[in-house]
J.: 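Attaching a single structure in structure tokens format; questions to follow.
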Amino acid sequence: MLRIEKVYKTFNPGTINEKKALNGIDLVLKEGDFVTVIGGNGAGKSTILNMIAGVYPVDSGKIVIDSADVTKLPEHKRAKYLGRVFQDPMTGTAADMNIEENLAIAARRGKNRFLGWGITGKEKQVYQKRLEALDLGLEARMTAKVGLLSGGQRQALTLLMASLEKPKVLLLDEHTAALDPRTAKKVLDLTEEIVEKNHLTTMMITHNMKDAIRLGNRLIMMHEGRIIYDVAGEEKKSLKVSDLLSKFGEASGGEFSNDRMMLS
Amino acid sequence: MEALINALPGSAAQGLIWGILAIGVYITFKVLDYADLTVDGSLATGGAVAVMCIINGANPYVAIAAAFAAGMLAGFVTGLFHTVFGIPPILSGILTQLGLYSVNMRILGKANQAVSVDQYALTVSLRYIKEACITTGICCIIIILILYWFFGTELGASIRATGCNQNMARAQGINTNVQKVLGLVLSNGLVGISGALYAQYQGSADVNMGRGAIVIGLASVIIGEVAFGKIFHNFALRMFAAVLGAIIYFIVIAVVLQLGLSTNDLKLFSALIVALFLALPHLKGSYFAKAGSRGGKKDA
């Protein structure tokens with residue numbers, strides 16, 4: 001479903017701020033894979049998601065989604081393959097537009113937009129049902145501006161928007177990191193439910209190692225722009241946080257103590 | 001006092017004509033979140049094109065359509081400067097505006113070209129103020145209705161989403177560059193219409209007629225918002241508020257002129273009015289935070 005071949009990316013090359021963000025990433029996701037991604041700060045987790053989404057071009061390498069080579073496609077053209085939820089709850093929705101308008105825009109992802117109605121009465125009924133399923137009471141506030149919602153509500157809505165048109169790959173970039181623990185749990189439960197129900201191929205970055213182990217069928221650990229650990233199936237299920245920490249310690253050596261805070 | 005009351009219909013007519021420009025500014029400044037300074041040039045372009053069309057025997061309505069097209073072209077150039085060449089929004093507008101001065105001189109052939117209501121069948125003229133008010137008023141209503149429909153379509157919603165959150169728009173498959181160009185084209189087209197009507201109203205097109213137009217446009221949008229923002233929530237009414245803002249602006253100008261302000265000081269006065277209205281809500285701490293975005297962050 002997703003194939004990443006030898007992707008390299010360096011930011012600010014040739015300057016004092018040069019940063020090798022990705023150092024030859026190879027990764028293949030099968031349909032229905034739910035991969036959790038962990039790693040310290042600057043490991044390249046967000047960069048790889050942004051590369052898949054086309055936020056910046058790759059330096060070299062190839063990205064294939066559902067047998068279409070998207071390496072050269074701009075962000076908005078790749079959108080038809082991808083559902084995305086961001087770390088900042090502000091990023092995924094249009095604050096000045098209301099809930100149903102946001103959903104209508106998401107429903108047209110990957111389609112041509114001309115002078116047809118931006119939203120139809122029939123759509124509104126569909127959205128009402130989908131919002132009811134979130135169980136946040138949003139179905140009663142469909143004409144409320146999204147800017148009035150809380151961070152958790154906005155992330156839940158963004159999740160719904162990302163899955164409204166079934167994406168080939170769902171990209172979750174630490175989408176619960178900015179939420180309080182209780183809301184984070186709720187959004188995570190919702191994520192699980194939506195991924196399960198729609199059978200979505202998913203990549204989820206998280207800083208929470210317990211979540212990384214508990215969720216999904218596969219886990220990868222990144223360090224300095226490389227995938228240093230890739231585990232799936234039964235082996236993954238039996239992982240413990242201490243296993244991940246020691247694995248991380250092996251790879252990062254002296255930096256371990258610095259990054260420990262970020263991982264736990 | 002009597003002089004002031006006599007001046008009011010003229011202010012209303014001017015306000016309605018500039019109200020069309022205000023709607024254009026509303027599209028870029030509020031919907032697209034783009035400070036577009038092309039307006040000072042495209043207003044004069046609209047006026048110049050319309051006057052030259054009329055002088056060369058075109059029907060005034062055809063002339064207005066030509067002004068609309070010329071304004072759209074100006075907006076298109078600004079859009080290209082910004083999206084294709086990566087020039088910052090304000091600078092893109094300034095470049096187009098500056099270049100248009102020469103273009104407008106070419107169109108007019110000289111700095112000022114008169115078009116007399118005695119010789120030509122003009123759509124509006126300050127000789128017939130009541131008729132001018134009715135014509136431009138109908139014009140504003142038609143434009144608002146069309147825009148209200150347009151911003152409800154898939155394309156219009158894409159422009160709104162782009163102005164609101166570019167990251168979200170791109171993630172949902174919207175080509176934000178195309179939407180920005182579209183918004184600028186539409187906005188400056190309206191400014192062109194406004195210029196066409198204004199040139200006919202005052203009986204001449206002048207290369208300098210657009211000087212400070214953006215300030216008047218912004219003043220109208222902001223006055224409209226401050227005065228009616230609390231009661232007008234519907235999108236069409238918000239555009240209508242910009243038109244009302246323009247009318248209020250010209251009434252205020254008429255009042256201060258009656259009070260003895262020199263016409264030479266008008267620009268300074270306009271700039272101060274705009275600065276004041278921009279500053280007021282900011283000082284109250286609410287204006288620059290887009291509705292909700294600040295509150296949302298706090299809750300997150």
Side-chain angles (χ1 to χ4, degrees), chain A residues 53-55 74-97 101-119 143-155 158 161-162 164-165 171 177-180 183, chain B residues 26-27 29-34 83-84 146-183 186 225 229 233-235 238 286-300:
Chain A
V55 179
E75 190 180 355
H76 65 92
K77 286 205 173 136
R78 293 189 201 189
K80 72 172 165 185
Y81 302 107
L82 302 170
R84 291 161 71 193
V85 186
F86 309 88
Q87 180 172 359
D88 182 351
M90 302 300 128
T91 313
T93 47
D96 288 345
M97 298 175 80
E101 285 173 329
N102 271 274
L103 286 164
I105 282 174
R108 285 160 180 76
R109 181 159 46 77
K111 294 180 185 144
N112 285 324
R113 296 164 209 250
F114 294 113
L115 296 177
W117 290 114
I119 183 165
T143 54
K145 293 246 162 39
V146 170
L148 300 170
L149 305 186
S150 71
Q153 289 172 326
R154 285 178 80 156
Q155 288 304 66
T158 312
M161 286 165 64
L164 207 52
E165 273 292 298
L171 302 174
L179 308 174
D180 66 77
T183 316
Chain B
Y26 183 88
I27 292 173
F29 186 63
K30 298 303 286 186
V31 178
L32 207 52
D33 195 19
Y34 188 112
T83 57
V84 178
I146 292 174
L147 289 176
Y148 184 62
W149 163 76
F150 176 73
F151 281 106
T153 65
E154 296 173 337
L155 201 57
S158 306
I159 295 180
R160 282 158 60 209
T162 301
C164 189
N165 182 349
Q166 293 195 45
N167 286 318
M168 175 270 192
R170 279 193 292 265
Q172 301 301 342
I174 293 168
N175 186 339
T176 48
N177 281 344
V178 168
Q179 308 307 324
K180 283 188 207 169
V181 173
L182 263 178
L186 190 58
E225 196 175 74
H233 294 294
N234 177 287
F235 188 74
R238 282 177 179 270
S286 62
Y287 185 78
F288 286 98
K290 279 197 156 178
S293 63
R294 200 174 264 180
K297 205 155 225 157
K298 207 162 50 197
D299 295 341

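On a predicted model such as this, the values are computed, not experimentally measured, just so you know. Each chain gets a letter, A, B and so on, in the order the sequences are listed, and its residues count up from 1.
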J.: Any idea which of Ala53(A), Gly83(A), Gly118(A) has the most non-hydrogen atom pairs under 4.5 angstrom with chain B?
T.: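 If we count pairs closer than 4.5 Å to chain B, Gly118(A) comes out on top.
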J.: Are there over 12 heavy-atom neighbours, none belonging to Tyr148(B), within less than 6.0 Å of that residue's OH?
T.: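 Open: at most 12 neighbouring heavy atoms sit under 6.0 Å from OH of Tyr148(B).
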J.: Do you know which of Thr176(B), Asn175(B), Asn167(B) has the most heavy-atom pairs under 4.5 Å to chain A?
T.: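 Counting heavy-atom pairs under 4.5 Å, the top option is Asn175(B).
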J.: Asp96(A) and Cys164(B): which non-hydrogen atoms are nearest, and at how many Å?
T.: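 That would be N-SG, 3.2 Å.
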J.: Among Ile105(A), Asn102(A), Asn112(A), Thr158(A), which has the most heavy-atom pairs under 4.5 Å with chain B?
T.: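 Of the candidates given, the most pairs with chain B belong to Ile105(A).
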J.: Let me confirm one number: the CE-CE distance from Met168(B) to Met97(A), rounded to the nearest 0.5 Å.
T.: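 Nearest 0.5 Å value for the CE-CE distance: 6.5 Å.
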J.: What part of Glu75(A) is in contact with chain B, defined as an atom under 4.5 angstrom from a non-hydrogen atom: side chain, backbone, both or neither?
T.: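 Both backbone and side chain.
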J.: Using modelled atom types and a 3.5 Å cut-off, is there a donor and acceptor pairing between side-chain atoms of Gln172(B) and backbone atoms of Arg109(A)?
T.: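 Absent.
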J.: Over all heavy atoms of both residues, which pair between Thr91(A) and Asn165(B) is shortest? Give the atoms and the distance, please.
T.: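 Result for this residue pair: O-ND2, 2.9 Å.
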J.: Do NZ/NE/NH1/NH2 and the carboxylate oxygens of Glu154(B) and Lys111(A) come within less than 4.0 Å?
T.: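 No, no charged N to carboxylate O under 4.0 Å.
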J.: Of the backbone (N, CA, C, O) and the side chain (C-beta and beyond), which part of Phe151(B) lies under 4.5 Å from a heavy atom of chain A, both, or neither?
T.: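 Contact with chain A involves no heavy atom of Phe151(B) at all.
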